[in-house]
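A quick write-up on the structure given underneath.
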Amino acid sequence: MIDIKFLRDNINQVEHLLARRDYSLDKDQFKALDAERKSLQVEVESLQSERKTLSNDFGKLKSSGENIDDLKKKLDFINDNLKIKNELLNQILESINNILLDIPNIPHESTPDGKNENDNVIIRTVGKITSKNTVDHIDITKKIDTDLAAKLSGSRFAVLKGSLAKLQRALISLMLDTAQKNGYEEYYLPYMANRESLIGTGNLPKFEEDLFKTSESLYLIPTAEVPLTNIYRDVLINEDELPIKLTAHTPCFRSEAGSYGRDTKGLIRQHQFEKIELFKISNPNTSMEELEGLLENAEEILQLLELPYQVVQLCAGDIGFSSCKTYDIEVWMPSQNKYREISSCSNFGDFQARRSNIKFKSDMGKNFVHTINGSGLAVGRTLIAILENRFDGGDFISLPKALEPYLGSSRLEI
RNA sequence: GGAGAGUUGGCUGAGUGGUCGAAAGCGCCUCCCUGCUAAGGAGGUAACUGGGUAACUGGUUCGAGGGUUCGAAUCCCUCACUCUCCGCCA
């Protein structure tokens, strides 16, 4: 959520900054509403003040037995007037709030210009591409069964069998252990969240169609970012506790509305997938360094798994709604002959902190924190990458050294 | 599913119609005392927000939303959440 004061005082600047991400701010509408708000609010508050004074008099007069009829008439008049004005004011405040909730984060100055993913900037490429495999992961093994999943649930689900289910579990353990080694505290979290939590992270009200909603009005989490961030909703943190570093493994649920026809084969785009999330709450002064650190922590997993990848910085037109700066990590997918997203690491600045009311206390008073998070990593896509990069036509794949302790073997039957 | 209790400031917790933004304690801040530390003493200390260049000044907030009333932390209704006991259950 944008700071309304900043918006009021710098509306032209904000308009230009948001244009970088192709958001057009309706300045005139906001200005008109805010002007109306101002005059109504002054009026309402002076009426309230008057009522308060007169009501006090009322009590005194009554207790001394004096006539109160005139005073009551006056108060009735004020109350009638107040009721009308108040309703109007509330309507306007709600309109303003809806506008604010709809405004995406302002891209950081270090986020490059650009319209879409074609304008993203490759930061670095790591690891050698050695695989000559052209077979898609779904054709490499019968142990990823989407037909069976369709029977159980529908499209965009998958069943993992035997050694692949175990490989997934091993990957989860490796990722969590690595996160812990890097100072993140592991959390186990609810997989459903209430509306307020989703507003806090920026998923609602704008992206309701991307979420699964239960009959109890709870939402299935689209990422552990939601519960992790909301742990600190309405919390005042001491400065010396920062940075806070948390991690969690959760399934993620996404309706994938609007992605019909994209990545329909295999594990790439599912309604349910496993992910390890890395999450930080940071002092605003150091949040950009914290983002770089978190990115490195996510990259470390790919290095441990000996998978070739590249780091891409998203341009202003491609960053997510709540983000001000984002790096994507893309892993090499041999069958597609290209790099595919496997992690997205973002600094949200104070955007989520403002929505979620997360502040820290320091000599400078109370201020909003910055939130940073990223996948470390998306498990399903990691599993695919291992399969495809290591498949050599046989019934087994060799395993990277880092996985051997988790699977008790140097190879895996597929 | 049944029965009951509760939700007040950074924290604990008092407050049942006006003098309550709210006792007391803890914590925190300033000062005093004192070789140092500890202890002791005095005072201060909620958040959000509007108007104003400012001095200053107004409003809102006692879980949320409605209602009663001239006036609500306090009375009534609805909802959410927490806790206890019983039942059921991984």
Side-chain angles (χ1 to χ4, degrees), chain A residues 1-9 11 30-101 188-200 204-205 213-219 226-227 230-242 244 251 281 350 353-369:
Chain A
M1 177 111 75
I2 190 165
D3 181 358
I4 189 167
K5 273 190 232 160
F6 184 78
L7 180 62
R8 274 202 279 260
D9 298 342
I11 191 155
F30 177 79
K31 279 184 185 167
L33 280 170
D34 198 46
E36 209 175 337
R37 183 223 98 234
K38 190 164 165 175
S39 73
L40 264 175
Q41 185 165 346
V42 169
E43 201 176 346
V44 163
E45 288 180 3
S46 69
L47 282 171
Q48 283 172 329
S49 173
E50 202 180 341
R51 179 178 67 180
K52 200 171 181 178
T53 315
L54 292 180
S55 285
N56 269 325
D57 295 347
F58 191 101
K60 285 175 199 152
L61 285 182
K62 202 176 176 187
S63 62
S64 64
E66 294 184 50
N67 187 302
I68 48 169
D69 291 350
D70 284 352
L71 193 51
K72 183 160 166 21
K73 251 180 223 163
K74 228 186 218 174
L75 277 160
D76 284 344
F77 179 75
I78 289 175
N79 275 331
D80 289 348
N81 198 5
L82 198 52
K83 195 175 176 189
I84 296 166
K85 295 278 161 57
N86 230 332
E87 269 170 27
L88 209 55
L89 179 61
N90 283 333
Q91 277 171 24
I92 288 166
L93 287 175
E94 201 187 328
S95 301
I96 291 176
N97 194 246
N98 286 339
I99 290 175
L100 293 181
L101 283 174
Y188 169 79
L189 301 163
Y191 300 157
M192 294 185 216
N194 56 29
R195 190 172 174 84
E196 210 178 347
S197 293
L198 285 144
I199 288 175
L204 288 177
K213 188 178 184 179
T214 70
S215 59
E216 314 292 318
S217 293
L218 291 170
Y219 296 82
V226 175
N230 280 281
I231 288 170
Y232 286 94
R233 171 153 49 88
D234 296 322
V235 172
L236 184 65
I237 301 164
N238 283 320
E239 186 182 26
D240 58 16
E241 292 173 56
L242 299 176
I244 292 167
I281 291 182
D350 64 6
R354 221 171 259 290
R355 284 174 167 244
S356 307
N357 188 29
I358 308 174
K359 292 183 178 173
F360 73 105
K361 196 163 70 176
S362 70
D363 298 341
M364 309 290 289
K366 294 169 189 172
N367 288 291
F368 289 109
V369 299

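Just so you know, these numbers use all the heavy atoms, side chains as well, and skip hydrogens, waters and symmetry mates. Below, read A as the first sequence line, B as the second, and so on, with proteins coming before strands; counting in each chain starts at 1.
Heavy atoms from other residues, nucleotides or ligands lying under 6.0 Å from CD of A:Glu94 number 12 at most.
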Short heteroatom pairs, N/O only, protein and nucleotides 58-60 of chain B, under 3.5 Å:
from	atom 1	to	atom 2	distance (Å)
B:rG58	O3'	A:Ser49	OG	3.4
B:rG58	N2	A:Glu45	OE1	2.6
B:rG58	N2	A:Glu45	OE2	3.0
B:rG58	N3	A:Glu45	OE1	3.3
B:rG59	OP1	A:Ser49	OG	3.3
B:rG59	O3'	A:Gln48	OE1	3.1
B:rG59	O2'	A:Gln48	OE1	3.0

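Heavy atoms of A:Arg8 sit under 4.0 angstrom from primed sugar atoms or phosphate atoms, though from no base atom. Heavy atoms of A:Asp76 sit under 4.0 angstrom from primed sugar atoms or phosphate atoms, though from no base atom. Using a 4.0 Å heavy-atom criterion, one finds that A:Lys73 contacts no nucleic acid atom at all.
Between B:rC20 and B:rU74, the distance separating the two C1' atoms is 10 Å to the nearest Å. Look at the C1' atom in both B:rU19 and B:rG15: the space between them is 14 Å, to the nearest Å. The same atom, C1', is picked in B:rC77 and in B:rC29; the two are 45 Å apart, to the nearest Å. Spacing of P atoms, B:rU7 relative to B:rA64, comes out at 13 Å, to the nearest Å. Of the P atoms belonging to B:rG6 and B:rG10, the separation is 24 Å, rounded to the nearest Å. Taking atom P in both B:rA14 and B:rA72, one finds a spacing of 25 Å when rounded to whole Å. Taking atom C1' on both B:rC76 and B:rU69, the two are 12 Å apart, rounded to the nearest angstrom. Rounded to a whole angstrom, the distance from the C1' atom of B:rG17 to that of B:rG13 is 22 Å.
Paired runs in RNA chain B that reach 3 or more consecutive Watson-Crick or G-U pairs, where each pair keeps both distances under 3.5 Å, cover B:1-7 with B:80-86, B:10-12 with B:24-26, B:27-32 with B:40-45, B:46-51 with B:56-61, B:63-67 with B:75-79.
Ionic pairing of A:Asp34 and A:Lys38 is not present here: no N-O contact between side-chain nitrogen and carboxylate oxygen is shorter than 4.0 angstrom.
Protein atom CG of A:Asp34 is 11 Å distant from nucleotide atom C1' of B:rG50, rounded to whole Å. Spacing between atom CG of A:Asn357 and atom C1' of B:rG10 amounts to 13 Å, rounded to whole angstrom units. Summarising the geometry, the separation between OH on A:Tyr232 and C1' on B:rG10 is reported as 16 Å, rounded to the nearest angstrom. As a whole-Å value, the separation of A:Phe77 CZ from B:rC70 P is 17 Å. Atom pair A:Asn367:CG and B:rA47:P shows a separation of 13 Å (rounding to whole Å applied). Straight-line distance from the NZ atom of A:Lys5 to the C1' atom of B:rU49: 8 Å, rounded to whole Å. Taking atom CG of residue A:Asp9 and atom P of nucleotide B:rG51, one finds them 10 Å apart after rounding to whole Å. The separation between A:Arg354 atom CZ and B:rU49 atom P is 9 Å, rounded to whole Å.
Partners of A:Leu93 according to the side chain to side chain contact (heavy atoms under 4.5 Å, CB included) rule, which considers only residues two or more places apart in sequence or in another chain, are A:Arg37, A:Leu89, A:Asn90. With sequence neighbours excluded, the residues forming a side chain to side chain contact (heavy atoms under 4.5 Å, CB included) with A:Lys5 are A:Asp3, A:Arg8, listed by chain and number.
Applying the salt bridge (Lys or Arg N to Asp or Glu O under 4.0 Å) test to every pair with at least one member in residues 78-87 of chain A, sequence neighbours left out, gives these pairs: A:Glu43-A:Lys85. Listed by first and then second residue, the side chain to side chain donor-acceptor pair (under 3.5 Å) pairs that reach into residues 47-58 of chain A are A:Arg51-A:Asn79, sequence neighbours excluded.
Distance check, rounded to the nearest 0.5 Å: CG of A:Leu7 to CZ of A:Phe30 gives 4.0 Å. Annotation: the span from A:Leu40 atom CG to A:Ile92 atom CD1 amounts to 5.0 Å, rounded to 0.5 Å. If you take NZ on A:Lys359 and CZ on A:Arg354, they are separated by 9.0 Å, rounding to the nearest 0.5 Å. We find the CG-CD1 distance between A:Leu47 and A:Ile78 to be 6.5 Å, quoted to the nearest 0.5 Å. For the atom pair A:Asn230 CG and A:Asn194 CG, the distance stands at 7.5 Å (nearest 0.5 Å).
At the phosphate of B:rC70, neither OP1 nor OP2 sits under 4.0 Å from any side-chain N or O atom of A:Lys74. Between A:Asn79 and the phosphate of B:rG71, there is a side-chain N or O to OP1/OP2 separation shorter than 4.0 Å. Distances shorter than 4.0 Å separate some side-chain N or O of A:Arg37 from OP1 or OP2 on B:rG51.
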